[in-house]
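Hydrogens, waters and symmetry mates are skipped; everything else that's a heavy atom, side chains included, is used.
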Amino acid sequence: MSAATPAGGAPARGPVAFVGLGVMGGAMLRNLVRAGADCRGCDASPATLERLADLGCPLFADPVDAARGAAVLVTMLPTSAHTRQVLFGEAGRGGAAAVLADGALVIEMSTGDALETDRIAAELAAAGLRCIDAPVGRTRPVARW
């Protein structure tokens with residue numbers, strides 16, 4: 001079984017949604033698009049979205065719009081609190097996890113608290129989603145490679 005294969009099922013099918021397009025996230029998304037992956041990007045900053053307008057994939061300000069039907073969701077955010085908000089939303093409004101494809105994989109690459117990431121992964125598992133904690137290290141030139 002691969003990391004994207006839910007227990008007892010086939011891998012989810014659909015695009016990759018990438019939330020958090022700053023220094024590292026933007027470069028990583030650009031590499032995925034260049035490699036021919038079906039991607040969508042999302043960032044809360046209008047300036048970041050404008051900077052990446054030539055990327056060649058749909059860009060969104062709302063993570064729910066970016067995640068809708070995605071097989072993989074990559075989060076590259078400043079804190080675990082940001083990740084939680086993106087995935088589960090605010091009171092009265094669901095987050096990105098609610099609109100992912102059945103059995104989707106969340107790749108959590110944010111700078112976050114390990115224990116909170118474990119709690120988030122458990123909540124995703126309860127919803128039938130998989131989660132990999134894959135924090136990044138290194139620098140912008142490595143991400144652009």
Side-chain angles (χ1 to χ4, degrees), residues 1-7 11-12 14-101 103-145:
M1 174 172 28
S2 75
T5 306
V16 175
F18 209 110
V19 179
L21 305 178
V23 170
M24 299 296 279
M28 290 179 180
L29 179 61
R30 189 175 297 280
N31 284 334
L32 287 171
V33 171
R34 280 188 196 145
D38 179 12
C39 294
R40 304 169 185 168
C42 175
D43 200 276
S45 165
T48 297
L49 295 175
E50 185 175 322
R51 176 178 52 85
L52 295 172
D54 68 338
L55 198 58
C57 72
L59 297 175
F60 299 89
D62 185 336
V64 173
D65 292 335
R68 194 169 311 284
V72 177
L73 173 65
V74 180
T75 55
M76 178 79 69
L77 300 163
T79 69
S80 295
H82 290 101
T83 301
R84 177 167 287 287
Q85 183 176 8
V86 162
L87 290 172
F88 304 114
E90 298 180 28
R93 181 173 182 266
V99 299
L100 291 169
L105 173 66
V106 175
I107 303 174
E108 176 28 5
M109 302 184 84
S110 303
T111 304
D113 174 83
L115 293 176
E116 178 62 8
T117 299
D118 288 345
R119 287 187 288 270
I120 288 170
E123 290 176 51
L124 291 169
L129 303 171
R130 297 179 54 100
C131 182
I132 296 175
D133 183 13
V136 296
R138 310 265 178 162
T139 61
R140 173 187 260 173
V142 175
R144 286 185 175 168
W145 181 77

What pair of heavy atoms forms the shortest contact from [X] to [Y], and how long is it?
X: Leu100; Y: Ala70; result: CD2-O, 3.7 Å
X: Pro58; Y: Phe60; result: CB-CE1, 3.7 Å
X: Ala61; Y: Pro63; result: O-CD, 3.7 Å
X: Ala17; Y: Ala66; result: CB-O, 3.4 Å
X: Leu129; Y: Ala101; result: CD2-O, 3.8 Å
X: Pro15; Y: Gly69; result: CD-O, 3.8 Å

- [ ] Please step through side chain to side chain contact (heavy atoms under 4.5 Å, CB included) for the pair Met109 and Val74, ending with a clear verdict.
- [x] CA-CA 7 Å; Met109 302 184 84; Val74 180; 3.6 Å; yes
- [ ] Give the C-alpha distance, both sets of side-chain angles, the deciding distance and a yes or no for salt bridge (Lys or Arg N to Asp or Glu O under 4.0 Å) between Asp113 and Arg84.
- [x] CA-CA 11 Å; Asp113 174 83; Arg84 177 167 287 287; over 6 Å; no
Spacing of [atom1] belonging to [X] relative to [atom2] belonging to [Y], to within rounding of 0.5 Å:
X: Met76; Y: Leu21; atom1: CE; atom2: CG; answer: 9.5 Å
X: Asp118; Y: Glu108; atom1: CG; atom2: CD; answer: 10.5 Å
X: Ile107; Y: Ser110; atom1: CD1; atom2: OG; answer: 11.5 Å
X: Leu124; Y: Phe88; atom1: CG; atom2: CZ; answer: 4.0 Å
X: Cys42; Y: Asp65; atom1: SG; atom2: CG; answer: 8.0 Å

Open item on the list: Could you check whether Arg51 pairs with Asp43 (Lys NZ or Arg NE/NH1/NH2 to Asp/Glu carboxylate O, under 4.0 Å)?
Closed with: no
Is there a side-chain contact between [X] and [Y] in this structure, where contact means two heavy atoms from C-beta onward sitting under 4.5 Å apart?
X: Pro78; Y: Thr111; result: no
X: Leu87; Y: Leu73; result: yes
X: Val106; Y: Ile132; result: no
X: Ser80; Y: Thr117; result: yes
X: Ile120; Y: Thr83; result: yes
X: Val19; Y: Leu77; result: yes
X: Cys57; Y: Arg40; result: no
X: Cys39; Y: Leu29; result: yes

TODO: Could you give me the CA-CA distance, side-chain angles and deciding distance for Leu55 and Arg30, then say whether side chain to side chain contact (heavy atoms under 4.5 Å, CB included) is met?
DONE: CA-CA 6 Å; Leu55 198 58; Arg30 189 175 297 280; 3.6 Å; yes
Open item on the list: Walk me through whether Met28 and Asn31 qualify under side chain to side chain contact (heavy atoms under 4.5 Å, CB included).
Closed with: CA-CA 5 Å; Met28 290 179 180; Asn31 284 334; 5.7 Å; no
